[in-house]
S.K.: 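Could you have a look at this structure, given as structure tokens, before my questions?
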Amino acid sequence: MRLFLLTSVTMIAFAANSILNRLAVDSGAIDPASFAILRILSGAGVLSALVLLRGRRVPIFAPRRLIGAGSLTLYMIGFSWSYLTLEAGLGALVLFGVVQLSIFAIASLAGTPPLWRQLAGAGIAFAGLVWVLWPSGPVVVDQLGLLLMVLAGIGWAVYTLEGRSEADALAGTAANFCVASPLVAAGALVIPVATTITAPGVALAVLSGAVTSGMGYALWYSLVPRYAPSLVAIIQLAVPVIALAAGIMLLDEQASLRLVAGTLLVLGGIALAVSKSRAARRQRAASS
């Protein structure tokens, strides 16, 4: 039950990132580049302060930062800039589809391929997402936006799996944010956009970085080792439907039967993926 509650809190934090991004960027309160930079800087500052207050150091120069910070940078740059030209629902489908495929592929190469229940559950859950998120009108796909979102999905998949071997989730996340900060800032120069910064936009970016990103990612790193590699991809399929539900409650967006049915499919697929087989339950009962 504790693992379920902590995982639920983490998924809510991830969904809150989407809501905060939409509130800040879509409203014109801040541009994507400034939002991404403020988000990662505030996350680095708060997480580093928490690590230091615990009397520990931030392992910035550990060799694993090449993978951790590099994949985090790829995700943040790809995610923030892709939504300039990619429709939100289609972008979410591409992101979570690539995350699933990437994690499944990496896990299979590492000798832990997904079980049939996990594959079936992932298929059902993703079908629910397609039902909910697929645009109702003509689909126009910007190639650059699509490429950026694919790179973001690969980056998040690698970043997630990297957390399975992180000894100190909080310190490791703080170090990743610190190292990724100048890289994200450099990325803002590669893909320039018009600069827009307002006080509400800054506040939303800092809230996203310090709380829902920084704290959420640290909590995720502490939970990832407790799940099979394939499950960490499937569980995250709950994030878009949580974000949609939050949009209905907070942004006055419209609910629909399509959303309800799709959400049930997503949750049912996740439940199938995380369920234990009868043989596994009998074995566990016999050993207890």
Side-chain angles (χ1 to χ4, degrees), residues 3-4 7-8 10-15 17-18 67-68 70-72 74-79 82-83 86-135 139 141 145-165 216-217 220-221 223-244 261-276:
L3 179 61
F4 171 78
T7 302
S8 299
T10 306
M11 296 303 103
I12 291 171
F14 290 173
N17 272 327
S18 175
I67 298 177
S71 57
L72 178 62
L74 186 62
Y75 164 70
M76 285 204 166
I77 290 178
F79 181 82
S82 64
Y83 277 123
L86 203 62
E87 197 274 334
L90 183 60
L93 288 176
V94 173
L95 175 66
F96 287 96
V98 171
V99 168
Q100 279 197 92
L101 291 176
S102 299
I103 290 181
F104 285 177
I106 295 171
S108 297
L109 291 173
T112 54
L115 304 175
W116 73 266
R117 290 189 317 281
Q118 295 168 354
L119 289 173
I124 293 171
F126 193 72
L129 276 189
V130 172
W131 192 1
V132 171
L133 297 177
W134 191 260
V139 179
V141 180
L146 180 64
L147 174 61
L148 288 171
M149 190 59 84
V150 168
L151 293 176
I154 295 172
W156 183 252
V158 173
Y159 184 77
T160 294
L161 293 179
E162 176 68 6
R164 294 181 61 81
S165 58
Y217 290 9
W220 184 232
Y221 256 27
L223 297 175
V224 164
R226 303 177 66 177
Y227 287 106
S230 299
L231 285 181
V232 300
I234 301 169
I235 291 169
Q236 293 178 86
L237 292 176
V239 173
V241 295
I242 295 174
L244 287 172
T263 298
L264 292 176
L265 274 178
V266 172
L267 297 179
I270 294 174
L272 174 61
V274 301
S275 64
K276 299 289 185 181

S.K.: To the closest 0.5 Å, what do you measure between OG1 (Thr263) and CH2 (Trp131)?
M.R.: 10.0 Å
S.K.: Looking at every heavy atom in both Met76 and Tyr217, which two are closest together, and how far apart are they?
M.R.: CE-CE2, 4.2 Å
S.K.: Between atom CG of Leu267 and atom CG of Leu272, what is the distance when rounded to the nearest 0.5 Å?
M.R.: 12.5 Å
S.K.: As an exercise, state the distance from OG of Ser230 to CD1 of Ile106, rounded to the nearest 0.5 Å.
M.R.: 10.5 Å
S.K.: Hey, what do you get for CZ (Phe14) to CG (Asn17), rounding to the nearest 0.5 Å?
M.R.: 8.0 Å
S.K.: Would you indicate whether the side-chain heavy atoms of Val241 and Leu129 approach each other to under 4.5 Å?
M.R.: yes
S.K.: Indicate the atoms forming the closest heavy-atom contact of Val266 with Gly128, along with that distance.
M.R.: CG2-C, 3.9 Å
S.K.: Any idea which heavy atoms bring Ala15 and Ile242 closest together, and the distance?
M.R.: CB-CG2, 3.5 Å
S.K.: Which atom pair, heavy atoms only, marks the closest approach of Gln236 to Met11?
M.R.: CA-SD, 3.8 Å
S.K.: Between Ser102 (side chain) and Val99 (backbone), is there a donor-acceptor pair under 3.5 Å?
M.R.: no
S.K.: Are the side chains of Val232 and Leu161 in touch, meaning some heavy atoms are under 4.5 Å apart?
M.R.: yes
S.K.: Report yes if the distance between the aromatic ring centroids of Trp156 and Tyr159 is under 6.0 Å, otherwise no.
M.R.: yes
S.K.: Decide yes or no for Val98 and Met149: does some side-chain heavy atom of the first lie under 4.5 Å from some side-chain heavy atom of the second?
M.R.: no
S.K.: If I compare all heavy atoms of Ile103 with all of Ala233, which pair ends up nearest, and what's the gap?
M.R.: CD1-CB, 3.7 Å
S.K.: Taking atom CZ of Arg164 as the centre, does the number of heavy atoms from other residues, nucleotides or ligands within less than 6.0 Å exceed 12?
M.R.: yes
S.K.: Does the side chain of Phe104 come within less than 4.5 Å of Leu119's, by heavy atoms?
M.R.: yes
S.K.: To the closest 0.5 Å, what do you measure between OH (Tyr227) and OG1 (Thr160)?
M.R.: 13.0 Å
S.K.: Can you tell me how far CG of Leu237 sits from CG of Leu93, rounded to the nearest 0.5 angstrom?
M.R.: 10.0 Å
S.K.: Please give me the minimum heavy-atom distance between Ala228 and Gln118, naming the atom from each residue.
M.R.: CB-NE2, 4.4 Å
S.K.: Got Ser108 and Pro114 here, is their nearest side-chain heavy-atom distance under 4.5 Å?
M.R.: yes
